[in-house]
Each structure stands twice: as structure tokens, then as C-alpha cells.
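One structure is given below, encoded as C-alpha cells.
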Amino acid sequence: MLLLRLWNYIRGYVIILVEGYFLEKFINICIHRQIFLWDIKKLKNSTMRLKVSISGFKMLRPVARKTRCRVRIVKKKGIPFTWNRYKRRKAFVIGAFAFVVIVYTLTSFIWAIEITGNKKIETEFLLQHLESMGIKPGILKYGISTDDITSKLMLDIKELAWTGVTVKGTKIKIEVAERKQPPELVEKNKPCDIVAAKDGVVKSMVVKTGQEAVKAGDTVTKGQVLISGAVPTKNEQINTRLVHAIGSVKARTWYEARHAVNTKVLDKERTGQQKDYYSLIFLTKRFGFKTDSTPYEECDRVEIVKKLSFGKDLELPLGIVIDRFYENRVTEREISLEEAKQAAMDEAYKEATRDIPEDAEIVNTDLNYVEDESGAVIANAVIECIEEIGVTKEIGGK
Amino acid sequence: MPVNRNNRRNKKKKEEEAKPKLKEKVTEILELPKEIVLNVPRLTLIGNGNLLIENYKGIIEYDDKRVRVNTGSGIIKIVGDRLVIKEITSEDIMIDGEIQAMEFIK
């Protein structure tokens with residue numbers, strides 16, 4: 001039924017009043033002549049209101065004459081009539097048409113690049129890289145080959161393990177997965193040493209090939225040779241034979257971090273005062289307010305970007321940016337020494353553990369407080385680990 | 001002779017009476033749509049407000065209180081309130097409104 005009504009609306013119909021004495025005859029003749037009528041309603045004894053399609057209405061005149069009925073149009077409905085009404089208003093039609101064209105053209109460009117999944121590689125770096133490839137906001141989206149972008153990114157940036165590129169609406173979505181960098185290995189047939197990757201005290205060594213250069217208990221520094229690939233021989237002409245050293249060296253290493261204990265804490269608090277500055281974004285340019293000066297002495301700046309978009313992915317290059325400044329009140333607060341010490345130690349511990357590699361085994365954690373010359377208390381965290389420190393290094397190489 | 005003629009007439013009458021019955025039987029056996037073969041209307045009434053008459057012949061009277069429709073099985077008189085012909089084509093007519101009574105007039 002709804003479909004039928006919609007169809008009638010598209011085709012256009014008129015609501016008419018029929019006045020006469022032989023209304024039933026009128027209806028019967030109409031039906032006989034294949035004129036489709038609907039919503040017939042009797043108003044008074046001699047009038048009825050009904051709906052008829054445009055083509056049906058044109059065939060109504062002889063029927064009306066035959067039954068001596070008078071037909072009067074009450075209302076014209078449907079798209080053909082609406083269209084006729086607006087056809088005369090040229091500016092309106094042009095405007096409507098222009099709107100469609102503008103929206104269509106604006107949505108056929110790329111206006112945003114979304115990068116997700118990157119942890120170590122900076123988004124800015126990826127964006128710059130993409131720009132050097134010619135992928136930047138403002139380019140036509142039809143010429144973009146996602147396969148090309150994927151393969152280029154994968155070839156150019158070694159840190160990427162996987163890249164997925166999709167064009168959705170006016171957005172390019174780039175999903176990346178980072179690769180854990182494999183250690184640089186020296187080829188099996190090339191002679192090499194095993195050297196220390198970091199400072200430490202050697203705890204144990206297992207030598208499979210090569211000549212050990214240090215003993216357990218020795219203190220080694222970064223870069224020092226642990227297992228030498230130069231093996232002395234009994235042959236007098238050639239003193240040494242170069243081999244590819246293989247072995248494992250485990251050493252104690254220490255990670256240390258310090259953090260000053262401070263009993264004075266600065267508290268930031270929003271006063272509730274805020275100021276908004278508006279600017280307009282069109283295409284990739286920004287108009288209006290653009291200043292680095294801040295309205296308050298102490299404040300936070302929040303940039304709120306509101307872009308005109310259809311749905312989530314079809315973003316138009318039109319929008320406003322609100323620079324919102326929140327005024328802060330900074331107050332100094334005194335906390336107890338215990339609390340301050342704890343906070344400083346937490347900070348120091350966090351800092352120390354940051355550099356510890358995943359495969360290292362933590363054997364000892366030493367937390368203490370020291371006083372420096374000026375009398376300030378400093379939290380000191382020392383973490384002792386046992387880890388593999390040997391890395392291969394080509395003899396005569398870098 | 002007159003008796004004979006009478007007899008023949010009687011026979012004819014019987015045949016005429018038998019014919020529709022046979023037709024009815026055949027349609028029943030073959031499960032054909034009755035309203036088309038027998039030229040009778042098919043009425044669909046939803047509640048008391050929505051009546052669809054298929055296979056009708058024409059409308060005789062239309063008013064918002066009373067509608068009379070000519071069909072193969074006589075005139076159907078519909079009495080009600082605010083009766084509106086929602087749709088009308090050469091095959092079917094749909095009457096909306098509050099139907100209070102329906103009557104078949106031979």
C-alpha cells in the first residue's frame with residue numbers, strides 16, 4: 001500500500017470534487033474506461049471528493065459530460081506538480097544542482113588520513129612519508145592505488161611488519177603493525193667476535209666456537225670482546241685462525257635511576273574560566289584565529305575540531321576549530337616527607353625499569369634514599385638483572 | 001402433444017438446474033477458484049472496517065451511510081458509517097469505514 005501511494009505521488013495526482021446526480025454512474029463509467037480512482041468520499045448528497053491520476057484526469061472530461069457532472073480540482077499533488085512549480089525558479093534549480101555537484105566533487109577528494117596501530121613510529125613521520133609519495137589531504141581519491149601505497153610503505157619503512165590501506169569515504173585509513181627489529185646477525189661463514197652489548201659483570205659463559213677473552217667475574221664494558229673469533233694456532237706462520245665465534249655470555253647488569261624527593265607539590269586546578277577562539281577550516285587551510293598567545297597566564301589549551309561529515313567516513317573539508325583555553329590556578333601544597341619519598345621512589349623505579357629488556361631476569365632490587373651535597377633527599381632505585389649481553393660483531397667490520 | 005411438450009420443458013428445466021451443479025462439482029474437484037469459474041464475488045472482510053469485494057459488476061448506489069454493489073450473486077447492500085471507497089478498479093472494490101450490516105438482495 002505504501003508502495004502504491006509512493007508510486008502515485010511520483011506519477012502525480014489530483015484531488016477533485018465531482019458534483020452531479022449520477023455519481024455512481026460516473027464511477028462505473030470511469031472504471032469501465034480504465035480510469036483508476038481511489039479514496040472516494042461522499043461529502044453531501046450530490047458531491048464527492050476523489051483522487052485520480054494526471055492521465056486519468058485528462059480522460060475524465062467526456063465522462064463528466066456524459067453524466068452531467070461538474071468536476072473541480074481541489075489540489076494538485078505529486079512530483080510533476082512540484083517540479084513544475086520549481087522549474088520557473090531558475091536560481092533554485094541551479095542552486096540545488098550546484099549543491100549536488102559540489103558535495104559530489106568535495107567527497108571525491110581525500111580529506112583525512114588516519115593512521116592506527118603505530119607505537120614506536122611516529123604518526124608525523126608516516127604522514128611525511130606518505131606526502132613524499134604524493135598521498136596527502138586534498139588529492140583525488142580515484143587515482144589512489146591502495147596496493148601501491150601498501151607495497152611502497154612496506155619497502156621504504158623497514159620497521160613495518162604489515163600495512164593495510166583502505167579508502168573509506170573521504171578518508172584513507174592506514175593500519176600498520178610494527179616489527180620487532182631483529183638483531184644484526186653476521187653470516188655464518190664470516191669470522192666474528194662476540195662483544196658486550198652493555199656494561200656488566202660476567203656471570204657465566206658458554207663457548208661453542210672461538211677463544212674466550214674474559215672469565216666469569218670479570219667486569220666488562222660495552223664493546224669489549226667477550227669471545228674472540230681469532231683462535232691461536234700452533235702453526236708458526238699463521239698465528240691465528242679466524243672463526244665465527246658462537247657462545248652465550250650471561251652477565252649481571254644494573255639499571256639505576258634517581259628522582260629527587262620534593263615535599264612541595266604544584267597542584268593545577270581549573271578555575272572554571274574558559275575562553276573559546278573559533279577558526280574555520282576550508283580544504284586544508286585554516287582561517288581566522290591563529291595565535292600562540294594565550295589569554296591566561298596559566299592555562300590548558302584544548303583544540304576541538306568539528307568537521308562537517310556525512311556519517312563517520314564521508315568527511316567534508318569544511319569545519320570549525322575551537323581553541324578552548326581553560327584557566328588554571330596553580331597552588332603549592334606541602335606533603336609529608338613519607339608521601340614525597342614514596343612518590344619519588346615510584347618515579348625512580350619506573351624510570352629504571354623502562355630500559356630493562358624483556359628477556360632479562362631481575363635478581364635484585366635495591367631502593368634507598370641518599371642525600372646530596374646540598375642536603376636534598378634523592379630516591380635511588382637500582383635493579384640488578386641477569387641477561388645475555390653477547391652480540392656478534394664481524395672481525396674487521398664496523 | 002401438450003403433455004409431451006410439457007415433459008420436454010420439464011426435462012430442459014432439469015438440465016438447466018443440473019448444469020450449475022455440475023460446474024460447481026467440477027470446480028470443487030479440480031480446486032479451481034470458484035469466484036472466477038462461477039462468476040460470483042469473493043468478499044474479504046477485515047474486522048468491521050475493511051471490506052474487499054473482488055469480481056463485482058458495478059456500483060449501484062454510493063453514500064457515506066450506504067453502499068450497494070451489483071455482483072454475480074445478487075446485490076450486496078452495505079450499511080455503515082463514514083464509508084469511503086478506498087480503491088476501485090474493474091475487478092475489485094475496497095470499502096473502508098464502520099460497517100454495521102451487510103445484506104444480499106436477490
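These numbers come from a predicted model, not from an experiment. Each chain gets a letter, A, B and so on, in the order the sequences are listed, and its residues count up from 1.
The neighbour count for A:F97 CZ, taken as heavy atoms of other residues, nucleotides or ligands under 6.0 Å away, does not exceed 12. In A:W162, the CH2 atom is crowded: over 12 heavy atoms of neighbouring residues, nucleotides or ligands sit closer than 6.0 Å. Crowding of B:I105 atom CD1: a count of heavy atoms from other residues, nucleotides or ligands under 6.0 Å exceeding 12. No more than 12 heavy-atom neighbours from other residues, nucleotides or ligands sit within 6.0 angstrom of NZ on A:K76.
Residue contact with chain A, scored on non-hydrogen atoms closer than 4.5 Å, is absent for B:I95.
Paired with B:I88 under the rule side chain to side chain contact (heavy atoms under 4.5 Å, CB included), one option of A:I27, A:I35, A:L50 passes, and it is A:I27.
With sequence neighbours excluded, the residues satisfying salt bridge (Lys or Arg N to Asp or Glu O under 4.0 Å) with A:K168 are A:D313. Taking A:R85 as the reference, nothing meets the salt bridge (Lys or Arg N to Asp or Glu O under 4.0 Å) condition, with sequence neighbours excluded. Residues that satisfy the side-chain contact (heavy atoms from CB on, under 4.5 Å) test with A:A112, not counting sequence neighbours, are A:K171, A:E315.
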Once you leave out hydrogens and angles, what donor-acceptor pairs under 3.5 Å do chain A and chain B share?
residue: A:E24; atom: OE2; partner: B:Y62; partner atom: N; Å: 2.5
residue: A:N28; atom: OD1; partner: B:I59; partner atom: N; Å: 2.9
residue: A:N28; atom: ND2; partner: B:I59; partner atom: O; Å: 2.6
residue: A:L37; atom: O; partner: B:I88; partner atom: N; Å: 3.3
residue: A:D39; atom: N; partner: B:I85; partner atom: O; Å: 3.1
residue: A:D39; atom: N; partner: B:K86; partner atom: O; Å: 2.9
residue: A:D39; atom: OD1; partner: B:K86; partner atom: NZ; Å: 3.0
residue: A:I40; atom: N; partner: B:I85; partner atom: O; Å: 2.6
residue: A:I40; atom: O; partner: B:Y62; partner atom: OH; Å: 3.0
residue: A:I40; atom: O; partner: B:I85; partner atom: N; Å: 2.9
residue: A:K42; atom: N; partner: B:Y62; partner atom: OH; Å: 3.3
residue: A:K42; atom: NZ; partner: B:Y62; partner atom: O; Å: 2.7

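In this structure the side chain of A:I40 never reaches within 4.5 angstrom of the side chain of B:V84, judged on heavy atoms. Two residues are said to be in side-chain contact when any heavy atoms from C-beta on lie closer than 4.5 Å; B:I85 and A:L37 fail this criterion.
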